[in-house]
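Remarks on the structure that follows.
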Amino acid sequence: MVFAAPNEALARAQGVLGGDPPPLDASVAHQVIGIWQRDWGDMRLALHHLRRARDLAARAESADREADVLAALGVALVHAGRTQQGLAALERGVERGSGHTRARVLFRRAYARWVLGHHRAALADVRRAIPVLRQADDVIWTARALTLRATVHLALGAVERAEADFTAAEALWETTGQEHDKADAVESRGLAAFRSGDIPAALRLLDEAEERYAKLGTPTFMLSVRRCEVLMAAGLAPEALAEADAAIAVLDRIGGQSTRKAELLLSAATAARLAGQAHTSIARADMAVRLFAGQRRGWWEAHARLTLIEARVAAGRSSGRLVADTAAVADRLASFGAPAAPLASLLAGRTALDLGWRADAERHLALAAHSRRSGPPLVRMTGWAAQALRARAAGSGRGVLEACRRGLDVLDAHRMTLGASELRARASAQGAELAALAQQASLESGGARRLLVWSERWRATALSTPPTRPPADPELQRGLTAFREIAARAEAARMEARPVPALEREQRRLEREIRSRTLHLRGAAPGGGPRFDAGRLLERLGDGVRLVELAVLDGRVQVLLCGQGRVRRFEAGRPAEAEAEAEHVQAGLRRLAHPGAEGRLAVVEAAGRRLEELLLGPAAAHLGDGPVVVVPPARLHRVPWALLPSLRERVLSVSPSAGSWLRARETVPPAGGRHVLVRGPGLATGGAEVPHLAVRYGGAVVLEHADARVPRVLEELDGAELAHIAAHGTFRADSPLFSSLGMADGPLVVHDLERLERSPYRIILSCCDTARFASVGADELLGLVTALLPLGTAGVVACSAPVNDAAVVPLMLALHRGLGAGLSLAEALRDARAALPDDALHRATGWAFTAFGAA
């Protein structure tokens, strides 16, 4: 009962002890309290009650009762870090027990051995227990044993065997009322899904398990360890670090299991390193190593040592001693059959290469490269990275490119199993090293076209296909509606200067729920998505259009100028300097959005000239007279490209990648030609351009006031030829898919846009901050504009800085005049800038808007 209804079992046990029970009954009651405290409470109290239960069992002269208590005590001692005492208690339990009871004790010794990382010994014990439990028709303990055997199989990399055991255990659980064990089975299936590479299913199952545990009122420390692992694989390291640290705090507060604390510290250390917090990672990993060593948990200690070494390398502490230490850890992990062994060998080889130790590097990299042929996607990626480094050390550029191609193919296929655009974008970080190695090899070979192909290979991949849409998910719909209502109430309260902490807490809770549901989506597209074709790009560009793709290599901006049937490479300035200059420009544009800041104009224009030197360099003199498409890396997305002198007077558009520009260029407008005009609340000008545009586009759908509600707006946007939205834009750097446009009933967020069957062919967002993005993954962008491009939108006009609302109105009217004359968005925006008054306010407004895509 302690696992089926733990709190009720605790109360019943305390009730038994409140009377005057005989030793046998008192032993059971103390054991129940001990198990409850062991798994969900104070470990000191757990040991006290379990020792009392053992003594009472001895007084009752029941060998089986004593064996059962010794098993529970042994597990508690192991969790408390007293490994030798725990194993001794379990050994004594095996000796004292007989038949059915002995099988239960063997199961618990197997569990303790699994906790300690003694996987093969654990497998031997559980294999001895299962036939006896089955013969006794002990459904609950048979199911537990099958679940444990499956978990041990996972630790040894035998995913198919694990899944078979999980399936068999789940069938048995359905015949029982053991709710905690059922939740544990769901959690374990989540772990199996993750080990087989299915991250959306893993997140969904772990969330389901958490809901089940919450109903029982039990803490979930092991679940936190597992979810951290999945979150990190999904590229969500900051979330994993926050979860691990929060669980550690709870564990410390209740005096819980030392073993779980060590595991959570390891999760936190790994997450901190992936989040770029090397010194935090070192501190957490060092604590984990010491705890695991004290607990005599060699398997875990080896993993913690690997994480500690990785953190030290990330902090710039490479040395010859580190190579030896990493190689020793790799050998230890290999002796355990741990899937992390190739990763340790790769790290040893990479560090040896950096030190110039070619022979050592080859030995370690060859070991790591064995993993490229089999295993989960990220393990195979490790193998291909090792193979690429081997080829590079041998001077084989062709070998580097082949290994990088094979490795990125693995990751492409993995990404396409992810339905959420956020996960696809973040997963690309896993291929950053391979993409960089291929780009470097291409640069060294001198082939500009090859460098273009490899720059495209891992740029804006999340935009190559639309995100998976949930099939009329009512829970997601309800969550979005509730979020919108709460966000609108919070905004109204802020406008009235009323405190909103409760509303903000509820808004954050709803955001977590919505995000969680979208991360559960599986991708539907097979393979790795469409491949970039440089020849097709050059054919589409023709002789008149130039496409400028910027790549960052060797600490410099490499400018790839495409057009007239060829690709040329130029070298420009340092990207860090360009990023700093772009931030200065953004600050200047913010000032120029207000009257009286005319003196800043010359400073902003000078910064534009400096940006051109840093970003285009000598390529600026070879742009010709025709239109220009700029493809910047994600880290330079804040540059207002129209400010650069050589781009200021020409037809200019921006694209996240050359491939996405090609797709936009080849997108066919929808039939029907429907125009939609939307005016949100609270604008300083009231969206003054919208009434004029309603006259210009006689039959347009106009949504304003109470009609400008999110469900109606989405309905009309779906499949429109042109949409113009005048509404407040809010960019969320902390959660870019909650960047929004303000509607009458609350914010319209990126998650809403991703539910469109087809977004408008052309869309104009005449509001601040709609062209701001969050840079994630390897070279990916998340935001309002990037949500629209994979869904059928061929062109967007949006704004990257705060602007003066009044100055926006004439710009928008002039832009639509150009569209009415048959111009593209980029052409119309160029002419609209020229039509504005020649003062600082209007010039800054024009520079802040950008045309994206090719429509």
Side-chain angles (χ1 to χ4, degrees), residues 540-548 561-563 585 589 592-593 601 604-605 607-609 611-612 615-616 619-632 637-656 661 664-665 689 692-693 696 722 724 761-767 770-771 785 789 793-801 803-804 807-855:
R540 281 293 188 180
L541 291 172
D543 291 334
V545 182
R546 300 287 189 277
L547 184 141
V548 179
L561 181 59
C562 310
V585 167
L589 291 177
L592 288 169
L601 182 63
V604 171
E605 288 187 309
R609 290 191 292 274
L611 275 173
E612 180 163 305
L615 296 175
L616 299 182
H622 300 272
L623 295 176
D625 301 321
V628 170
V629 181
V630 177
V631 178
H637 72 276
R638 299 222 54 198
V639 173
W641 295 97
L643 178 62
L644 276 58
S646 63
L647 302 177
R648 201 172 293 173
E649 306 298 329
R650 69 170 76 234
V651 175
L652 168 69
S653 59
V654 175
S655 181
W661 180 85
R665 181 76 175 75
E689 74 270 22
H692 295 282
L693 297 177
R696 171 178 291 280
L722 173 68
H724 179 106
Y761 176 70
R762 286 175 173 171
I763 187 163
I764 298 163
L765 304 171
S766 65
C767 31
T770 48
V785 172
L789 294 177
T793 293
V796 182
V797 168
C799 180
S800 64
V803 286
N804 184 282
V808 169
V809 175
L811 179 71
M812 291 296 110
L813 294 176
L815 173 67
H816 281 277
R817 277 198 301 273
L819 294 179
L823 301 181
S824 69
L825 285 172
E827 291 167 335
L829 183 57
R830 187 269 314 267
D831 291 355
R833 289 193 193 104
L836 291 176
D838 191 23
D839 58 51
L841 181 66
H842 288 90
R843 289 172 72 182
T845 302
W847 291 333
F849 279 88
T850 302
F852 295 87

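Each residue takes its place number in the sequence, starting with 1. Model, not experiment: these values are computed from the prediction. Basis for what follows: all heavy atoms, side chains included, without hydrogens, waters or symmetry-related copies.
The two residues Ala835 and Ala814 come nearest to each other via the heavy atoms CB-CB, 4.3 Å. Nearest heavy-atom pair across Ala607 and Val585 is CB-CG2, 3.4 Å. The shortest heavy-atom contact between Val629 and Trp661 is CG2-NE1, 3.4 Å. Across all non-hydrogen atoms, the minimal contact from Leu841 to Ala593 is CD1-O, 3.6 Å.
With sequence neighbours left out, the ring-ring contact (aromatic ring centres under 6.0 Å, His included) criterion links His842 to no other residue. A search for ring-ring contact (aromatic ring centres under 6.0 Å, His included) contacts involving His692 returns nothing, not counting sequence neighbours. With sequence neighbours excluded, no residue forms a salt bridge (charged side-chain N to carboxylate O under 4.0 Å, His left out) with Arg833. Partners of Ala826 by side-chain contact (heavy atoms from CB on, under 4.5 Å), not counting sequence neighbours, listed by chain and number: Val651, Ser653, Ser824, Ala851. Not counting sequence neighbours, the partners of Arg540 by the salt bridge (charged side-chain N to carboxylate O under 4.0 Å, His left out) test are Glu666.
Taking the side chain as every heavy atom from C-beta outward, Leu819 and Ile764 approach each other to under 4.5 Å. Considering only heavy atoms from C-beta on, Val639 stays 4.5 Å or farther from Pro632 through its side chain. Between Leu652 and Trp641, some side-chain heavy-atom pair lies under the 4.5 Å cut-off. Counting heavy atoms from C-beta outward, Pro810 and Leu836 have side chains that approach closer than 4.5 Å. Residues Thr845 and Val808 form a side-chain contact, since some pair of their non-hydrogen atoms from C-beta on lies under 4.5 Å apart. Taking 4.5 Å as the limit, some side-chain heavy atom of Trp847 sits within range of a side-chain heavy atom of Val604.
When each of Glu612, Arg609, His622 is paired with Ser646, the side chain to side chain donor-acceptor pair (under 3.5 Å) condition holds for Glu612 and for no other.
Listed for the Arg650 side chain is a donor-acceptor partner under 3.5 Å among the backbone atoms of Gly624.
Every pair passing salt bridge (charged side-chain N to carboxylate O under 4.0 Å, His left out) that includes a residue from residues 837-855 is listed here, sequence neighbours excluded: Glu605-Arg843, Asp838-Arg843.
How far CG of Leu829 is from CG of Leu811: 6.0 Å, rounded to the nearest 0.5 Å. Expressed to the nearest 0.5 Å, how far CG of Leu592 lies from CG of Asn804 amounts to 10.5 Å.
For the 3.5 Å distance criterion, the side chains of His816 and Glu689 fail to qualify, holding no donor opposite an acceptor.
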Leu813 and Leu693: CA distance, side-chain angles, deciding distance, side chain to side chain contact (heavy atoms under 4.5 Å, CB included) verdict: CA-CA 7 Å; Leu813 294 176; Leu693 297 177; 4.1 Å; yes
May I have the step-by-step check of side chain to side chain contact (heavy atoms under 4.5 Å, CB included) for Phe852 and Thr793, ending in yes or no? CA-CA 10 Å; Phe852 295 87; Thr793 293; over 6 Å; no
Using the side chain to side chain contact (heavy atoms under 4.5 Å, CB included) rule, take Leu561 and Leu623 through it: C-alpha gap first, then chi angles, then the decisive distance, then the call. CA-CA 8 Å; Leu561 181 59; Leu623 295 176; 3.9 Å; yes
